[in-house]
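Note that ligands are numbered from 1 as they come in the structure, with each ligand's atoms numbered from 1 the same way. Sequential numbering from 1 along the given sequence is applied to the chain's residues. Computation of the quantities below employed the complete heavy-atom set of this structure, encompassing side-chain atoms and omitting hydrogens, waters and symmetry-equivalent molecules.
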Amino acid sequence: AQSVWGYDSDNGPERWHENYPLAKGDKQSPIEINSKDVQHDSSLPAWHASYDPGAAKTILNNGRTCRVVFDDTFDRSVLRGGPLTGAYRLRQLHLHWGSSDDHGSEHVIDGVKYAAELHMVHWNPKHGNFAGALKQPDGVAVVGIFLKVGKTPKPEMKRILEEIDNIKTKGKEAPFQHFDPSILFPKSRDYWTYHGSFTTPPCEECITWILLREPIEVSSDQMAKLRSLSKNGENEPVNPLVDNWRPPQPVKGRIVRASFK
Ligand SMILES: O=C1NC(=O)[C@@H](c2ccccc2)S1
Ligand SMILES: [Zn+2]
C-alpha cells in the first residue's frame, strides 16, 4: 500500500491522485493568479471577521503543518460578507512554508512565491458539521494571507512562533488561548476570490478562497523558527517540516475576481 500522503517524492502532490482522485479535478487549488486575467468586481462587498479570542484552544504539530484550533461548536468566531452568503465558523488556522525564504506559498501571484501562506479555515454551519461541509461547493471558506520576509516583522506573529518550541515534534500539542487571529490581518482588506479546493487530500472542491492582496511581514529568523518543526515524533530522527505546499493547479477557465482595481 502506498504510504500516507505527504510532500515527499514518494507520497507528494504528483501522486495524491492515486488515492484521492479529486486531486485531478477541474477546480483544484492552489492556482497561479495573473493580475491581467483577474476581473475587478465592484459589486464584491467587504468581508468581515468577528472572532472571539476565547475560542482559541490549542496549537499542534500534526507532522504536516503547525495548526491553531478553535471552538467551532457554535457561531462564536465567524467570517461574513465578501463573496460569502451567511456566517462561516472559524475552525482552525495553519501555515504552508518553504525550505528557504524565496518560496513556500501555495498560491503564486504574478509569478511571486511568498515565503509562507497562512490559511484561516471556516465552514458553513448550514451543512451541519465540517465533514458535511466538505461535500458542498459552498461548504468552506479559507482566508489566505501571504507572509513576506522583511525588516519590520509583524509583532502579532510572535505569539504563534513563540509556541513552536513546545510543539517541535509530530503529535505535540499545547494550550493556545486568548488569541484573536484577526490581529494577523494586514491593513488592507483588498482580496481576490475564486472557487477551488482543499490544497491537501482529499482535495474536495468545497472552498471559496479569499486571498488578501497585502502580505504581512515576518523576519527571516521567524521563518527559520517555523522550519525548526519536525515531521517526525519525538523518538524518531529529526525530519525538518518544510516545503509543505502544493504547487499551482490548472485554472481550467475559472474566473478570479478582485475586490479592488
Ligand atoms: O486550505 C487548506 N489548507 C489545507 O491544509 C487543507 C486543510 C486540511 C485539513 C483541514 C483544513 C484544511 S485546505
Ligand atoms: Zn492550508
State yes or no: do Phe176 and Leu161 share one hydrophobic cluster built from I, L, V, M, F, W and Y residues joined by side-chain heavy-atom distances below 4.5 Å, directly or via other members?
yes
Could you give the side-chain donor-acceptor pairs of residues 253-261 under 3.5 Å, partners two or more places apart or in another chain?
from: Arg254; atom 1: NE; to: Val251; atom 2: O; distance (Å): 2.9
from: Arg254; atom 1: NH1; to: Lys27; atom 2: O; distance (Å): 3.4
from: Arg254; atom 1: NH1; to: Gln28; atom 2: O; distance (Å): 3.0
from: Arg254; atom 1: NH1; to: His195; atom 2: O; distance (Å): 2.9
from: Arg254; atom 1: NH2; to: Gln28; atom 2: O; distance (Å): 2.7
from: Arg254; atom 1: NH2; to: Pro250; atom 2: O; distance (Å): 2.9
from: Arg257; atom 1: NH1; to: Asp41; atom 2: OD2; distance (Å): 2.9
from: Ser259; atom 1: OG; to: Tyr191; atom 2: N; distance (Å): 2.9
from: Ser259; atom 1: OG; to: Tyr191; atom 2: O; distance (Å): 3.3

Find out whether the Lys NZ or Arg CZ of Arg91 is both under 6.0 angstrom from the six-membered ring centre of Phe130 and within 45° of the ring's axis.
yes
Consider ligand 1: state whether an atom of it lies below 4.0 angstrom from any non-hydrogen atom of Glu106.
no
Gln92: heavy atom below 4.0 Å from ligand 1, yes or no?
yes
Quick check on contacts: which atoms of ligand 1 are under 4.0 angstrom from a heavy atom of His119?
1 (O), 2 (C), 3 (N)
Short N-O contact, Lys126 and Asp138, less than 4.0 angstrom
yes
Row check, Tyr51 ring normal vs Arg76 NZ/CZ: under 6.0 Å, within 45°
no
Should Arg67 be counted as touching ligand 1, given the test is an N or O pair under 3.5 Å?
no
Does any pair with a residue in residues 212-245 pass ring pair (Phe, Tyr, Trp, His ring centres under 6.0 Å), and if so which ones, sequence neighbours excluded?
His103-Trp245
Residue pairs, two or more places apart or on separate chains, that pass ring pair (Phe, Tyr, Trp, His ring centres under 6.0 Å) and touch residues 135-166
Tyr114-Phe146
Can you tell which part of Arg64 has a heavy atom less than 4.0 Å from ligand 1: side chain, backbone, both or neither?
neither
Around the Zn ion (ligand 2), list the protein N/O/S atoms within a radius below 2.8 Å, excluding water molecules.
His94 NE2, His96 NE2, His119 ND1
Evaluate side-chain hydrogen bond (donor to acceptor under 3.5 Å, both in side chains) for Glu117 paired with His96, printing each intermediate quantity in order.
CA-CA 5 Å; Glu117 185 171 329; His96 304 264; over 6 Å; no
Contact partition for Met120 relative to ligand 1, non-hydrogen atoms under 4.0 Å
neither
For Trp209, state whether at least one heavy atom is located under 4.0 Å from any atom of ligand 1.
yes
Less than 6.0 angstrom from the centroid, inside 45 degrees of the normal: does Arg246 satisfy that with respect to the ring of Trp16?
no
Would Arg91 count as a contact of ligand 1 if the rule is a heavy atom under 4.0 Å away?
no
